[in-house]
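Just below is one structure, and these are the notes that go with it.
Labels below follow one simple rule: chain letters A, B, ... track the order of the sequence lines, proteins then strands, and each chain is numbered from 1.
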Amino acid sequence: MLRFAPSPTGDMHIGDLRVALFNYIVSKQRNEDLIVRIQDLDKEKNVEGKDEEILALLSLFGIEYTQVIYQSESVRYHSAMALELIHEKKAFSCFCSPEWLEKRREEAKESKKAYSYDDACRNLPDELVIDNMSPFTIRLNRPDEAIIVNDAIKGKVSFKPDAVDSFVIMSQDKTPTYNFACAVDDMLSDISLVIRSEEHMSNTPKQDHIRASLGYDKKVEYVHLPIIKEDDSFSVKWLLEEGFLPAAISNYLISIGNKPPLEIFDTKDAIEWFSLDNISKSPVRFSIDSLREINKKHLKNMDATELSRYVGFADANIGELAKVYLEEASTTKELKAKIEPIFAVKEIPQEFTDAAQAMTKTIKGAPFFEEYDDFKNYIMKESGLDGKNFSKVLRFLLSGAENGPDIALVYKYLKNYIGEIVK
RNA sequence: GGCCCCGUCGUCUAGCGGUUAGGAUCCAUGGUUUUCAUCCAUGUUACAGGAGUUCAAUUCUCCUCGGGGUCACCA
């Protein structure tokens, strides 16, 4: 069983999507289920509706899952297990105040040492614990020995007991902390492999330690993906709004820091050849320009009629025309901005006003020509225009722009619409 | 600062002891194109530094330097 565990606290980020994609691909390869666990423990940070939005995005990207679990619904299990740990003396109540701990952290920082809890409350006499009415947290005893995490990408990584620390598993308000809830839930869901971002690396020994303390023998496999370096932060929603295709975004996210056998592919193809062994150990760079290139290639491969829908039509000719415009546009949004002016009222520069009037008149009176050359020759002859007055003006009239693709190509796909374009 | 990762053309990278160190992109030049762009061809540019191991290090080890991650009663 694999899992994707997003928190509904903001827009889904490309890094989150990459993690989801990898989990999905590997779940298919291993023929295991993928579940989605919404990490909604932090009531303050949860954003209404984000869970639904994340689920909708997963569907849009073709990521199939068998179950959705809301973490907040299993808090009673978390409490029960914390209690068990206390009974077995594997965890203890800690009465240290947040303010005092904060002070300790600052001291550690000033003396340039790594902060670690001093276990002050670990061996409190029972009567002191019982009689104490102050709010408390529950901490798990730090491990006696170093914990080795065997990561599929990074290899064996060792964490000393102090690095794992006697960390908090239940906060004062009786809610489980992230690491505790996460470790327990992975255990309860019988998760066999966790693929997540590198920033969770230091949580891994903590989560292993929690399960070991609970007597859970099964080893969970871990893969920590190198982080994505970005110049700006990109949300999936934004990329979609900018006119990037889900197929292209997936393609790109699977490609970076990887060794795909080909440049353009869909997620189904990736299931055939994807291997965690090929993932780079170094951080990967997210380049919007590279994404644009890949998006362009996906648009080029798209069915013409389907493509035309993205720019507001339902006609293969417009789809083909859009492909011609791909030489200067990379997203559906940009294509739309190129196609729309063609059918809009044209604004002709002052110097060409007369020529434009003459040409408009000629075009309106012209018969239908299958070939551009015939059309061109006719217009040229009938209007008496030549040079700039001909080529520039014709381009303005037909495309609504000063520059653009070869006008013969434009004509090829637009010839049936001349009446609508030149008004 | 502690711990943990990473360090190849300007950029993104291939390479897993012996290579003319490959590709993509950028840049430059030439060509195609009655426009801008595209496209094609050609060209410049890299193993962070220093020790070691070895017949042989880009590749293995250590140190320095540089970059990143993490050190919460957040997830």
Report, one line per pair, each donor and acceptor closer than 3.5 Å where one atom sits in a side chain of residues 12-20 of chain A; sequence neighbours left out.
from  : atom 1 : to     : atom 2 : distance (Å)
A:H13 : ND1    : A:G15  : N      : 3.0
A:H13 : NE2    : A:E230 : OE1    : 3.3
A:H13 : NE2    : A:E230 : OE2    : 3.0
A:H13 : NE2    : A:S233 : OG     : 3.3
A:D16 : OD2    : A:H13  : N      : 3.0
A:R18 : NH2    : A:P226 : O      : 2.4

Going by the rule side-chain hydrogen bond (donor to acceptor under 3.5 Å, both in side chains), which residues pair with [X] if we only count those two or more places apart in sequence or in a different chain?
| X | result |
| --- | --- |
| A:Y222 | A:R211 |
| A:S250 | none |
| A:E102 | A:R105 |
| A:S111 | none |

Applying a 3.5 Å limit to both distances, which nucleotide forms a Watson-Crick or G-U wobble pair with [N]?
| N | result |
| --- | --- |
| B:U38 | none |
| B:G1 | B:C71 |
| B:A51 | B:U61 |

Exam field: side chain A:N295 to backbone A:L245, donor-acceptor pair closer than 3.5 Å: yes

Contact under 4.0 Å: A:K154 side-chain N or O vs B:C6 OP1/OP2: no

With rounding to whole Å, what would you report as the distance between [N] and [M] at their [atom1] atoms?
| N | M | atom1 | answer |
| --- | --- | --- | --- |
| B:C12 | B:C27 | C1' | 16 Å |
| B:C47 | B:G18 | C1' | 16 Å |
| B:G7 | B:C62 | P | 14 Å |

Tell me if the NZ atom of A:K361 is crowded by more than 12 foreign heavy atoms within 6.0 Å. no

Pairs flagged by ring-ring contact (aromatic ring centres under 6.0 Å, His included) wherever residues 329-360 of chain A is involved - sequence neighbours left out: A:F313-A:F343, A:F343-A:Y417

Here the ring-ring contact (aromatic ring centres under 6.0 Å, His included) pairs for residues 273-295 of chain A, sequence neighbours left out, are A:F22-A:F274, A:F234-A:F286, A:Y252-A:F286, A:F265-A:W273

Could you state the [atom1]-[atom2] distance from [X] to [N], rounded to the nearest angstrom?
| X | N | atom1 | atom2 | result |
| --- | --- | --- | --- | --- |
| A:I407 | B:C36 | CD1 | P | 14 Å |
| A:K259 | B:G23 | NZ | P | 18 Å |
| A:R142 | B:G2 | CZ | C1' | 14 Å |

Below 4.0 angstrom, which residues in residues 388-398 of chain A have at least one non-hydrogen atom near RNA chain B? A:S391, A:R395

Interface with RNA chain B, restricted to residues 279-304 of chain A and to heavy atoms under 4.0 Å: A:K281, A:S282, A:P283, A:V284, A:R285

Protein-to-nucleotide contact annotation, 5' to 3' order, nucleotides 70-75 of chain B [B base; S sugar-phosphate only; - none; under 4.0 Å, heavy atom]: SSSBBB

Using the side chain to side chain donor-acceptor pair (under 3.5 Å) definition, which of the options A:R139, A:R142, A:K206 pairs with A:D165? A:R142

Under 4.0 Å, counting only non-hydrogen atoms across every strand here, what does A:P226 touch: a base, just sugar-phosphate, or nothing? nothing

Please list, one pair per line, the donor and acceptor atoms closer than 3.5 Å that link side chains of residues 372-383 of chain A to other protein atoms, with sequence neighbours excluded.
from   : atom 1 : to     : atom 2 : distance (Å)
A:N377 : ND2    : A:D373 : O      : 3.1
A:S383 : OG     : A:I379 : O      : 2.6
A:S383 : OG     : A:L385 : N      : 3.2

Run the salt bridge (charged side-chain N to carboxylate O under 4.0 Å, His left out) test against A:K229 and tell me which residues pass, sequence neighbours left out. none

Taking the side chain of A:D406 as heavy atoms from C-beta outward, which of B:U38, B:G15, B:U35 is closest to it? B:U35

